[in-house]
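Indexing begins at 1, ligand by ligand and atom by atom, following the structure's order. All figures in this text were calculated on a predicted structure; none of them were measured in a lab.
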Amino acid sequence: QPQVSCITGDVIGMEALLRWNHPRRGSIPPSQFIPLAEATGLIVPIGEWAIRTACHEGKELQDAFGRELLIAVNLSPRQFRQKNLATQVGMALRESGLPPRSLEIEITEQTLMSSSATTNEALMKLRELGVKIAIDDFGTGFSSFSYLLQYQIDRLKIDQSFVRKAATDPNAAAVVRTIIAMSHGLDIKVIAEGAETREQVKFLMRRRCDEVQGFYFARPVSSYKLVETIERIEAMDTEEI
Ligand code: C2E
Ligand code: MG
Ligand code: MG
């Protein structure tokens, strides 16, 4: 799913979102298989595949557009318990040729706060590789300022629940404004998730949110449709919003 700059209207990158194409049941969303994959441990090989595929497809897109699009990949807490996570990521980067700064790992506040020795080490090693780190669904869990600073978080992703209500609910609007102000104060980028309407996008732009992602611009699409989707978004007149 493409991510769009609120300032230029350009696509700055995209988030990799898994789908399971089942022969009989069709496209199954991650909400139905990720929890199961986590419980069984299958999330480890699935996650490894997701990172490798995202790096390869991301590199192809970068070559097609001649610029450094950002590729964001979700990692569940379970994946941070593997000892060799950073090694795996390093290999995916080398094999694909994707520059490390073009890869962003999305973690939840839960992963950040679990702060086991293995999680800590993995995050530090990912940082050393030059990979970016974002906090997903920000505002729904618990995080501490010290962790935001310790791991030099690159981006906060404002959770959809606030974004959805921000244009109409003053309290949600205040939460969004506060997250944006806090991020900018800490020199962290901020992206809003789940923007579906023009009003929501307009609100985010007025509030100086850096980037936005949501159905208003594009639903998640198969990788072969990304080129035309990016071109369509960039042909939109964001001044008009
Ligand atoms: P997430 O990382 O917070 O991803 C955003 C979800 O919001 C995606 O759901 C996306 O399709 C949906 N979305 C984006 N824009 C809009 C919008 O404007 N309106 C609405 N209603 N929804 C929007 P999806 O693809 O079903 O993924 C659900 C969750 O599954 C993700 O939440 C993520 O936590 C997890 N997931 C997806 N891919 C992976 C993966 O490769 N590994 C792991 N560990 N988790 C993954
Ligand atoms: Mg995500
Ligand atoms: Mg999210």
For ligand 1, is [X] a contact, meaning one of its heavy atoms is under 4.0 Å away?
X: Gln79; result: yes
X: Lys157; result: no
X: Gly47; result: no
X: Pro220; result: yes
X: Gln213; result: no

Return yes if some donor-acceptor pair links the side-chain N/O of [X] with the main-chain N/O of [Y] below 3.5 Å, else return no.
X: Gln62; Y: Leu69; answer: yes
X: Glu234; Y: Gly9; answer: no
X: Ser96; Y: Leu93; answer: yes

Glu106 backbone or side-chain N/O/S under 2.8 Å from the Mg ion (ligand 2): yes
Where does [X] meet ligand 1, judged by heavy-atom distances below 4.0 Å: at the side chain, the backbone, both, or neither?
X: Ala195; value: backbone
X: Asp137; value: side chain
X: Leu18; value: both

Criterion side-chain contact (heavy atoms from CB on, under 4.5 Å) on Arg67 and Val11, from CA distance to verdict: CA-CA 11 Å; Arg67 61 178 208 248; Val11 172; 4.2 Å; yes
Please tabulate, one pair per line, all N/O donor-acceptor pairs under 3.5 Å involving side-chain atoms of residues 169-181, not counting sequence neighbours.
residue: Asp169; atom: OD1; partner: Asn171; partner atom: N; Å: 2.8
residue: Asp169; atom: OD1; partner: Ala172; partner atom: N; Å: 3.4
residue: Thr178; atom: OG1; partner: Ala174; partner atom: O; Å: 2.6

Which atom name would you report as the N, O or S atom of [X] nearest the Mg ion (ligand 3)?
X: Glu193; answer: OE1
X: Asp136; answer: OD1
X: Asp137; answer: OD1

4.0 Å protein heavy-atom contact status of atom 18 (O) of ligand 1, strictly under: yes
Sub-4.0 Å protein heavy atom near atom 42 (N) of ligand 1: yes
side-chain contact (heavy atoms from CB on, under 4.5 Å) between Asp137 and Glu193, worked out: CA-CA 8 Å; Asp137 307 335; Glu193 276 195 285; 3.4 Å; yes
Close N or O approach (Ser31, ligand 1; < 3.5 Å): no
Ligand 1 to Asp136 polar contact by distance, N or O atoms, under 3.5 Å: yes
Check: Gln3 and Lys157 side chains under 4.5 Å, non-hydrogen atoms: yes
Derivation and outcome, salt bridge (charged side-chain N to carboxylate O under 4.0 Å, His left out), residues Lys132 and Glu68: CA-CA 14 Å; Lys132 296 198 165 84; Glu68 287 196 1; over 6 Å; no
Best match, Arg219, Arg164, Gln160: closest heavy atom to atom 12 (C) of ligand 1: Gln160
